There are 2 protein chains.
Amino acid sequence: MRRDIFQAIADPTRRAIIALIALQPMTPNALSQEFDITRQAVSKHLQLLVECEVATPHQQGREIFYRLEIDKMKEIDHWLEQFRKNWERRYNQLDELLNTLNTNKNEQ
Amino acid sequence: MRRDIFQAIADPTRRAIIALIALQPMTPNALSQEFDITRQAVSKHLQLLVECEVATPHQQGREIFYRLEIDKMKEIDHWLEQFRKNWERRYNQLDELLNTLNTNKNEQ
DNA sequence: TATGTTTGCAACCGATTAGTTGCCAATCAA
DNA sequence: TTGATTGGCAACTAATCGGTTGCAAACATA
């Protein structure tokens, strides 16, 4: 069984879950209301995310909030590093800074 | 059938293939010598990469060189963008500047 | 032309995946 | 204490995945 971050983000539902809990920790119940699948299906995705150490459960009464382990996302970023020099010129920090300032006043 | 870049990088062999053809275009035969699987298995990975538009075949005589479409890797980078502000020092620079420009709400 | 090389395609196989339903334990609220 | 809510676990299923073998087409070369 491969259990790594790349497996974790392979599924579109899982990517959506990751994006949601990046904003705030959420319960399986709350999460399942965002999708057309059962709570149990969402739970299985969460279970996999926990195995991959992408999310961690935090119990609060009878609810369990799943929180994103943001550091895990860095592993993807790190893997991308080897390709970045092949495409990025704007990875120059100053370029990035100026570009963002010129085209984006609002965060997202 | 999900055919996207995230599916493409889910498999470790495929990630290795991507890393290899990032250095130079390679043939299925040459690639298969780098792994403990058959040429046909490598070919199937290449086929999927082509479907995902991560690699493109370039015939040269009876050989077919597979070349990495580096731009596709940017899609991963773009998806990561939403998380990056949560972790990156070099983006904190930007955050700090934006906060200052926005009459600042809160530091850090 | 005959032969070997390179590759794609098809059929097949076992394991995994993403989903379902059913059930039970724990917690909260009346 | 009773009943509803929340969520994990188990069993099952259809589809997909990653691999195999076998074969035929296209090309290169003797």
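Convention: sequence-line order gives letters A, B, ...; per-chain numbering from 1. None of these values were measured; they are calculated from a predicted model.
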Margin query: Any carboxylate oxygen within less than 4.0 angstrom of a Lys/Arg side-chain nitrogen, looking at Lys72(A) and Asp77(A)?
Written below: no

Margin query: Could you check whether Arg15(B) pairs with Asp4(A) (Lys NZ or Arg NE/NH1/NH2 to Asp/Glu carboxylate O, under 4.0 Å)?
Written below: yes

Notebook entry, point to check: How is Phe65(A) classified with respect to the nucleic acid when contacts are heavy atoms under 4.0 Å: base, sugar-phosphate, or nothing?
Noted result: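 Phe65(A): no heavy atom of the nucleic acid under 4.0 Å.
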
What's the closest nucleotide to the [X] side chain, out of [options]?
{"X": "Asn29(A)", "options": "dG7(D), dT6(C), dT7(C)", "value": "dG7(D)"}
{"X": "Gln7(A)", "options": "dT17(C), dT7(C), dG22(C)", "value": "dT17(C)"}
{"X": "Arg62(B)", "options": "dG4(C), dG19(D), dT20(C)", "value": "dG4(C)"}
{"X": "Thr38(B)", "options": "dG8(C), dA18(C), dT20(D)", "value": "dT20(D)"}
{"X": "Asp11(B)", "options": "dG18(D), dT17(C), dA18(C)", "value": "dG18(D)"}
{"X": "Ala41(A)", "options": "dT7(C), dG7(D), dG19(C)", "value": "dG19(C)"}
{"X": "Lys44(A)", "options": "dG4(C), dA18(C), dC17(D)", "value": "dA18(C)"}

When the distance from [atom1] of [X] to [atom2] of [N] is rounded to whole Å, what number comes out?
{"X": "Glu63(A)", "N": "dT5(D)", "atom1": "CD", "atom2": "P", "value": "13 Å"}
{"X": "His58(A)", "N": "dG7(D)", "atom1": "NE2", "atom2": "P", "value": "15 Å"}
{"X": "Gln33(B)", "N": "dT7(C)", "atom1": "CD", "atom2": "P", "value": "10 Å"}
{"X": "Leu31(B)", "N": "dG19(D)", "atom1": "CG", "atom2": "P", "value": "14 Å"}
{"X": "Gln40(A)", "N": "dT17(C)", "atom1": "CD", "atom2": "C1'", "value": "17 Å"}
{"X": "Leu48(A)", "N": "dG8(D)", "atom1": "CG", "atom2": "C1'", "value": "16 Å"}
{"X": "Ile37(B)", "N": "dT21(D)", "atom1": "CD1", "atom2": "P", "value": "12 Å"}
{"X": "Arg15(A)", "N": "dA18(C)", "atom1": "CZ", "atom2": "C1'", "value": "14 Å"}

[N] phosphate, OP1 or OP2: any side-chain N/O from [X] under 4.0 angstrom?
{"X": "Thr27(A)", "N": "dG7(D)", "answer": "yes"}
{"X": "Ser43(A)", "N": "dG7(D)", "answer": "no"}
{"X": "Tyr66(A)", "N": "dG8(D)", "answer": "yes"}
{"X": "His45(B)", "N": "dC17(D)", "answer": "no"}

Checklist line | 5' precedence on DNA chain C between Gln60(A) and Arg14(A) (nearest-nucleotide basis) | finding: Arg14(A)

Checklist line | Partner of Glu34(B) under side-chain contact (heavy atoms from CB on, under 4.5 Å), chosen from Leu20(B), Val42(B), Ile17(B) | finding: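 Only one option passes, and that is Leu20(B).
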
Notebook entry, point to check: With a 3.5 Å cut-off and just heavy-atom distances, do the side chain of Arg39(A) and the base of dG8(D) make a donor-acceptor pair?
Noted result: yes

Item checked: Check: Arg67(A) side chain, Ile21(A) main-chain N or O, donor-acceptor pair, under 3.5 Å -> no

Next item on the list: Verify whether one side chain among His58(A) and Thr56(A) offers a donor that lies under 3.5 Å from an acceptor in the other.
Entry: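 A pair is found: one side chain offers a donor N or O, the other an acceptor, under 3.5 Å apart.
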
Next item on the list: State whether the number of non-hydrogen atoms from other residues, nucleotides or ligands found under 6.0 Å of Gln59(B) atom CD is greater than 12.
Entry: yes

